Amino acid sequence: MVKNHPNILYFETDFDYPLIVKGKGIYLYDEDGKRYIDGCAGSVSTSLGYGRSEMAEVMKKQAEEISFVHRHHVSSKIVNEATDVLKKNFPAMDKFFLVSGGTEATECATKLARLHFYHQGKPGKNKIIGRWMSYHGYTTDALAYGGNPGRRKEFAAILREDGHIMPPYCYRCWAGKSPENCAMECANELETAILTAGPDTVAAFICETVVGTTMGCVTPPKAYYKRIREICDKYDVLLVLDEVMCGSGRTGSMLAIEQYGVTPDIVALAKSMGGGYFPIGCVACTGKAAAPIEKAGGFPVGHTWAGNPIASAVVKKTLEIIEEEDLLENVRKQGSYLREKLEALKEKYPFIGDVRGMGLMQAIEIVKDKETKECYPRSERIAEKIFKACMENGLIIMTSVNMDRGVQGDAIMMGTSFDVTAEEMDELVAILEKSLLEVLS
Ligand SMILES: Cc1ncc(COP(=O)(O)O)c(C=O)c1O
């Protein structure tokens, strides 16, 4: 039975999308009563699990009190309260600017970096160097400094090219190194990119701290960000981290970068920060990054819904729940448990080449040959087949494809809401294993 609506522009036209009518915890239910485990929290977004009445109440109360203010004219008490909670949760950051999504957050973050130099009399210091296989959103600028070749290709003709460096993809090192003989070539490439562009022309370097769907949870080695920070400092280039997916607790700390002992200048946040209940994003920066902009009179960038009261109430409540229910501890606990279970599958089967990630952001990379790391030809659409098998079996996962220089590679990515239990994780992995065997044996 074809259920798709004739007037909706769908992501994929040859797929019948189940019509979800209810969600509770990590489970979704379609109109026929079929139950799915949401193994990837929507798009790694719904940190609190579905159907929480306290979230519904907070939105209702805020909508009744004041639903909208325009920041050009007035502010609201709730945006102040949300900012107090943000400061408590992200103490290394001093200034916060609430927006409506991840792309808006990265756009505002890079514009903030450009304005930082513009207001110091350096309008030419405006290039944003990106990293291949890091995704920052779908606007033209975000695609330009973004490094997802598949998403850039249709728009390549109109994208500004400020330069990209290779990703820290240790499983298939683009510099041809292995952990034993690595001299951090992938990080050092940033210095080459800045020097060749001209340090006076580069405002910022942006990347995803832990890479999400574009590469399937690629997690840089511990020394990577210290070296990146050093290079940025040497050339007065701002370090902008995209923690839209990996931030707000997803990796077991409020910022993934905390686990690297490095402080960025600017961070873009979204997804988990709103629990999965309202479109939300946030730019956070140090006082030093904001100072020239504030001195010049303020931050003019932003969209109509920036600092919205309902969004503010949702962020405040989400962060309070994360603290009250000690959900960061659960992310670490269940993330380790999922990791153990995925490592066990890797031991058991020849088709899992790598397991990687941090906290509740974990992925497996599928290979044809474990020894040689040979990929399946992309024409076989292995990741998509696994996605469909999982869906049939009542599990929703995310696929990552073409992480090897944009031409090959299949990975499956998981990351539930933060309140998942061990029993639910067992069920998730059992369905994943069944689905993998249906496709690959
Ligand atoms: C790392 C990262 N940055 C930016 C974005 C864009 O966020 P949004 O889709 O909310 O605009 C995403 C979305 O998946 C993301 O994962």
Side-chain angles (χ1 to χ4, degrees), residues 11 38 40-47 97-113 128 130-152 155 164 167-169 204-220 225 239-251 255-257 264 266-284 301-306 308 311 314-315 318 357-363 396-403 411 413-415:
F11 178 65
D38 186 351
C40 53
S43 58
V44 196
S45 302
T46 57
S47 53
F97 183 68
L98 285 171
V99 297
S100 306
T103 312
E104 210 183 317
T106 62
E107 280 271 349
C108 287
T110 49
K111 289 205 168 69
L112 200 148
I128 309 292
R131 196 170 72 191
W132 287 118
M133 316 311 293
S134 235
Y135 175 65
H136 307 300
Y138 242 116
T139 54
T140 308
D141 217 23
L143 282 175
Y145 49 74
N148 182 314
R151 292 179 189 170
R152 293 173 103 245
F155 305 98
H164 294 81
Y169 183 22
F205 168 63
I206 186 170
C207 64
E208 284 181 73
T209 313
V210 178
V211 187
T213 328
T214 303
M215 298 201 90
C217 301
V218 160
T219 308
Y225 284 109
L239 175 57
V240 180
L241 291 181
D242 180 344
E243 297 226 0
V244 165
M245 187 178 277
C246 64
S248 310
R250 169 68 48 199
T251 64
L255 290 177
I257 195 66
I266 307 175
V267 189
L269 295 155
K271 295 189 187 260
S272 296
M273 174 177 273
Y277 286 83
F278 204 76
I280 180 68
C282 178
V283 184
V301 178
H303 299 247
T304 301
W305 282 71
N308 176 259
V314 166
V315 166
T318 300
M358 271 163 75
L360 279 176
M361 197 175 159
Q362 298 285 338
I396 305 177
I397 45 86
M398 275 181 120
T399 58
S400 294
V401 298
N402 289 336
M403 67 286 292
M413 187 173 153
M414 285 138 292

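Note that the coordinates shown come from a computational prediction; the quantities given were computed from them, not determined experimentally. Atoms within a ligand are numbered from 1 in the order they appear, just like the ligands themselves. One is the number of the first residue; the rest follow in order along the sequence.
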message: When you compare ligand 1 with T106, is there at least one nitrogen or oxygen pair between them that comes in under 3.5 angstrom?
response: no
| field | Backbone or side-chain N or O of H136 under 3.5 Å from ligand 1 N or O | value | no
Checking side-chain polar atoms at under 3.5 Å, does T214 have a donor or acceptor matched by the opposite partner on N148? yes
Query raised in the report: Does G102, backbone or side chain, put an N or O under 3.5 Å from an N or O of ligand 1?
Result: yes
re atom 14 (O) of ligand 1, the protein heavy-atom contact at minimum distance is K271 NZ, 2.9 Å
Ligand 1 atoms nearer than 4.0 angstrom to some heavy atom of M245 are 16 (O)
The protein heavy atom nearest to atom 3 (N) of ligand 1 is D242 OD2, 2.7 Å
If you scan protein heavy atoms around atom 1 (C) of ligand 1, the nearest is E208 OE1, 3.2 Å
Where does the angle between the aromatic ring planes of Y145 and H136 fall among parallel (under 30°), tilted (30 to 60°) and perpendicular (over 60°)?
tilted
Under 4.0 Å from one or more heavy atoms of T103, ligand 1 contributes atoms 6 (C), 7 (O), 8 (P), 11 (O)
Contact region, Y138 to ligand 1, non-hydrogen atoms below 4.0 Å, reads neither
Closer than 4.0 angstrom: is that true for some heavy atom of E243 and an atom of ligand 1? no
